[in-house]
Student: 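Quick one: this structure, given as structure tokens, is what I'll be asking you about.
The first residue of the sequence shown is numbered 1, and numbering continues consecutively from there.
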Amino acid sequence: MTEDLLAALRATDVAAAIGPLGKPADAALLDEWQRSGVRFVSNAPKLTARYYQAVRELFDCIAPAADDTPILHEGGIYHGCWLESTGTINAELLSRFLPSISGATFAAFARHQRDDGLFPYKMTAGGPGFSQIQLVSPLARSVWNHFCLNGRDTAWLRTQYDAMPRYDAWIARHRDTLGTGAVEAFSTYDTGHDLSSRFWHVPDSPFGNDPTRCDPDNPILPFIAPDLTANIACQRHYLARIADALGKDAAGWTDKAEASTEALFAQCFDAEDAFFYDRDRHGRPVRLQSDVLLRVLACEIGDGDLFRQALARYLLNTRKFFAKFPLTSIALDDPRFDPSFAQNSWAGPTNFLTLIRTAHAFEHHGHHVELSWITQPTLAALFEADGFPQTLNPFTGAAGFTEKYSPSILCMLDFIERLSGILPRPDGTVWFTSLLPKPVTHKHETWNTGYARTIDGAVFELINTADGGEIYRDGHLLCRFPAGTRVILDRSGALSGVLGLTSRTVRGTIAFDGQTVPLSIAPNKHLSWDGTGLHRSANPGLVLPEYD
């Protein structure tokens with residue numbers, strides 16, 4: 001089986017698998033994709049076909065917007081690039097596949113920044129838009145990760161850094177009218193939570209479509225918003241990293257980040273519920289449990305204990321967000337939950353923007369196994385779908401609103417790489433993971449996979465079957481390791497560590513570069529390699545799903 005998969009992987013003609021290109025500019029995208037060396041095959045032809053359909057439709061999502069430079073677009077009905085998603089988390093994922101487009105997408109926001117420091121919330125063929133802020137994923141984190149993955153171009157980083165402090169100053173000047181040190185939402189669109197019951201009786205847009213103005217006649221605005229405040233706190237932490245890398249003073253940013261975090265907990269955290277809520281202008285919490293929790297956690301807020309509590313009480317609770325196809329946008333047990341997925345709705349359905357933001361929150365605290373319980377059903381739903389929608393029915397996995405939507409396209413590419421592929425990391429390591437995608441309804445099937453990627457000129461290949469994984473470097477077998485584990489190498493192919501990636505303790509051996517090493521590894525346990533043996537370096541434990 002492994003020989004057949006390896007032969008199929010090596011014989012894959014990416015251009016032929018992608019098929020006819022949609023526009024002349026796609027030829028340059030195809031060339032860049034082929035330089036990455038990324039290839040995927042499966043013994044299930046529908047998986048292979050869906051993968052290359054995703055690549056082809058991803059190319060359709062790349063075009064000029066506010067000027068002549070090709071950048072990533074949101075896709076579907078959304079003709080343009082949005083700061084909350086396309087210009088941050090989407091481009092961060094794209095950076096592993098088409099880094100030139102990611103770099104151009106990030107740079108476009110700095111290029112179109114307003115004189116007073118405001119970034120456009122979107123860029124379309126009609127030009128940059130400034131009527132709201134629309135923040136979710138932290139731009140500075142996405143910029144930093146792109147920088148670390150793609151050659152550490154300090155000139156490019158400096159241009160981005162010069163723009164982001166001016167934006168930070170704009171937010172501080174205009175979005176803290178109550179003087180709390182937190183960040184305020186003036187409208188639904190400020191957080192991109194369209195149709196969410198979080199914002200019932202709140203206007204969609206800021207007053208007069210002016211992002212500096214809040215409707216003076218609205219009885220409850222502004223909201224002190226946990227996701228907006230967490231975004232700025234995380235931005236400031238990463239601005240400190242960027243400042244340090246550029247030889248600038250980082251201490252001021254660290255102090256500001258800590259102040260934002262303190263304001264977040266003081267204003268928005270309910271200790272009894274262990275949840276973050278909006279607070280209205282009268283000081284009352286808006287007690288609606290939404291994916292705001294995940295947004296805050298994805299901004300690296302809180303310690304391991306808080307994250308485990310969030311998993312047990314909310315994210316892995318089948319009364320809350322852990323639907324059959326998780327994660328819902330509103331808690332399942334809230335009477336305002338609406339599963340309708342045939343429109344742009346954050347009132348209940350599972351949204352792909354939630355899903356692509358999820359990995360960072362889980363991995364930041366070492367809960368990789370629990371993340372796989374979300375990636376598996378998501379991939380199963382995508383493999384069954386015809387297109388790439390914005391939403392899923394959380395009960396059946398049926399595809400919902402729109403198609404050719406870049407977040408769901410990138411979600412599939414990202415989740416395959418996290419589950420069964422080769423994933424380069426900003427810290428200089430590379431993950432090789434041996435889990436198999438699988439269906440979550442009807443009969444059991446085995447979907448074996450092969451994955452390839454070129455790293456610093458070396459060609460790495462990973463073959464996964466039910467028996468485990470095999471890693472090849474430049475055509476030669478480098479490592480065999482058990483299913484249910486992740487082998488961590490550096491970019492040259494030297495062993496760095498091993499991670500337990502399934503809910504059972506995995507026992508077996510790792511055969512690496514002529515050495516055989518015994519292995520017994522519990523869920524989420526990380527063992528580091530020192531050249532002579534494996535030694536425990538982290539073990540956050542496993543959080544089980546909850547039902548009440």
Side-chain angles (χ1 to χ4, degrees), residues 65-67 71 80-92 102-123 127-147 156-177 181-187 189-192 206 209-214 222 225 227-246 248-250 252-261 263-264 295 299-300:
D67 56 29
I71 60 174
C81 179
W82 271 255
L83 179 61
E84 65 148 330
S85 50
T86 337
T88 48
I89 186 61
N90 297 14
E92 183 178 336
S102 291
T105 303
F106 295 132
F109 285 92
R111 188 166 61 254
H112 291 285
Q113 186 175 30
R114 212 162 67 176
D115 289 343
D116 65 354
L118 181 63
F119 281 140
Y121 81 91
K122 71 174 181 179
M123 292 175 292
F130 295 98
S131 60
Q132 63 228 32
I133 56 174
Q134 204 154 335
L135 294 181
V136 183
S137 295
L139 176 63
R141 188 197 78 195
S142 296
V143 164
W144 175 254
N145 288 340
H146 174 82
F147 168 76
W156 177 86
L157 185 66
R158 188 173 293 107
T159 299
Q160 302 306 115
Y161 180 80
D162 289 345
M164 287 186 286
R166 296 176 57 229
Y167 183 67
D168 181 90
W170 189 97
I171 293 289
R173 187 164 61 250
H174 295 291
R175 288 305 183 104
D176 184 18
T177 64
V183 182
E184 296 163 359
F186 292 176
S187 69
Y189 291 162
D190 282 336
T191 70
N209 300 311
D210 180 345
T212 69
R213 300 179 69 191
C214 184
D227 44 352
L228 298 183
T229 306
N231 176 290
I232 293 303
C234 190
Q235 287 256 96
R236 289 171 165 180
H237 274 299
Y238 277 88
L239 283 169
R241 293 191 189 189
I242 295 170
D244 187 62
L246 295 175
K248 299 177 181 292
D249 179 28
W253 287 118
T254 300
D255 292 344
K256 287 183 176 183
E258 290 174 356
S260 291
T261 303
L264 169 66
R295 292 178 171 197
C299 288
E300 304 177 11

Student: Please report the shortest heavy-atom distance between P120 and L83, naming the atom on each side.
Tutor: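 Looking at all heavy atoms of both residues, the shortest contact is O-CB, 3.8 Å.
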Student: Is the side chain of S102 donor-acceptor paired with the backbone N or O of E92 at a distance under 3.5 Å, no angle test?
Tutor: no
Student: Over all heavy atoms of both residues, which pair between Q113 and Y167 is shortest? Give the atoms and the distance, please.
Tutor: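 For Q113 and Y167, the tightest heavy-atom pair comes out as NE2-N, 3.6 Å.
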Student: Which atoms form the tightest heavy-atom contact between F130 and L118, and what is the distance?
Tutor: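 What the structure gives for the nearest pair is CE2-O, 3.5 Å.
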Student: Ring pair (Phe, Tyr, Trp, His ring centres under 6.0 Å) with F186: which residues, sequence neighbours excluded?
Tutor: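 F186: no ring pair (Phe, Tyr, Trp, His ring centres under 6.0 Å) contacts found.
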Student: S131: what forms a side-chain contact (heavy atoms from CB on, under 4.5 Å) with it, not counting sequence neighbours?
Tutor: Y121, N209
Student: Let me confirm one number: the CD1-OG distance from I232 to S260, rounded to the nearest 0.5 Å.
Tutor: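 Between atom CD1 of I232 and atom OG of S260 there are 7.0 Å.
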Student: Please report the interatomic distance CH2(W253) to NZ(K256), rounded to the nearest 0.5 Å.
Tutor: 4.5 Å
Student: Side-chain contact, heavy-atom cut-off 4.5 Å: L135 with I171?
Tutor: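 Heavy-atom side-chain distance check passes, below 4.5 Å.
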Student: Decide yes or no for W170 and I133: does some side-chain heavy atom of the first lie under 4.5 Å from some side-chain heavy atom of the second?
Tutor: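 Yes, at least one pair of side-chain atoms sits under 4.5 Å.
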Student: Under 3.5 Å, side chain of R175 to main-chain N/O of P211, donor-acceptor pair present?
Tutor: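 Yes, the answer is positive, given that a donor and an acceptor are paired below the 3.5 Å cut-off.
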Student: Could you tell me which residues satisfy salt bridge (Lys or Arg N to Asp or Glu O under 4.0 Å) with D168, sequence neighbours excluded, listed by chain and number?
Tutor: R236
Student: Of the non-hydrogen atoms in D249 and A243, which two are nearest, and what is the gap between them?
Tutor: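 Closest pair (atom of D249, atom of A243, distance): O-CB, 3.8 Å.
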Student: Please round to the nearest 0.5 Å and tell me the distance separating atom CG of D176 and atom CD of E184.
Tutor: 5.5 Å
Student: Specify the closest pair of heavy atoms between A66 and M123, including all atoms of both residues, with the distance to one decimal.
Tutor: CB-CB, 4.0 Å
Student: How many angstroms lie between atom CZ of R158 and atom CZ of F147, to the nearest 0.5 angstrom?
Tutor: 9.5 Å
Student: Hey, could you give me the CZ/CZ distance between F119 and R166, rounded to the nearest 0.5 Å?
Tutor: 8.0 Å
Student: Hey, does the side chain of Q160 reach the backbone of F106 with a donor-acceptor pair shorter than 3.5 angstrom?
Tutor: yes
Student: Give the minimum heavy-atom separation between V136 and C299, together with the two atoms involved.
Tutor: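 Smallest heavy-atom distance, with atoms named: O-SG, 4.3 Å.
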Student: What I'd like to find out is whether the side chain of R295 reaches to under 4.5 Å of the side chain of T191, using heavy atoms alone.
Tutor: yes
Student: Tell me, please, which residues at least two apart from A225 pass side-chain contact (heavy atoms from CB on, under 4.5 Å).
Tutor: A185, R198, D227, L228, D278
Student: For R111, check salt bridge (Lys or Arg N to Asp or Glu O under 4.0 Å) against everything at least two apart and list the hits.
Tutor: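 Residues passing salt bridge (Lys or Arg N to Asp or Glu O under 4.0 Å) with R111: D67.
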Student: Would a distance-only check, ignoring hydrogens and angles, find a side-chain to backbone donor-acceptor pair under 3.5 Å from D162 to T159?
Tutor: no
Student: Taking side-chain contact (heavy atoms from CB on, under 4.5 Å) as the test, write out the residues that go with S137, two or more places apart.
Tutor: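 Partners of S137 under the side-chain contact (heavy atoms from CB on, under 4.5 Å) test: T88, I89, R357.
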Student: Do T105 and C81 pass the side chain to side chain contact (heavy atoms under 4.5 Å, CB included) test, and can you show the C-alpha distance, the side-chain angles, and the key distance before you say yes or no?
Tutor: CA-CA 8 Å; T105 303; C81 179; 3.7 Å; yes
Student: If you measure from CD on Q235 to CD1 on I242, what distance do you get to the nearest 0.5 Å?
Tutor: 8.5 Å
Student: Going through the checks in order, is the side chain to side chain contact (heavy atoms under 4.5 Å, CB included) test met by Y238 and M164?
Tutor: CA-CA 11 Å; Y238 277 88; M164 287 186 286; over 6 Å; no
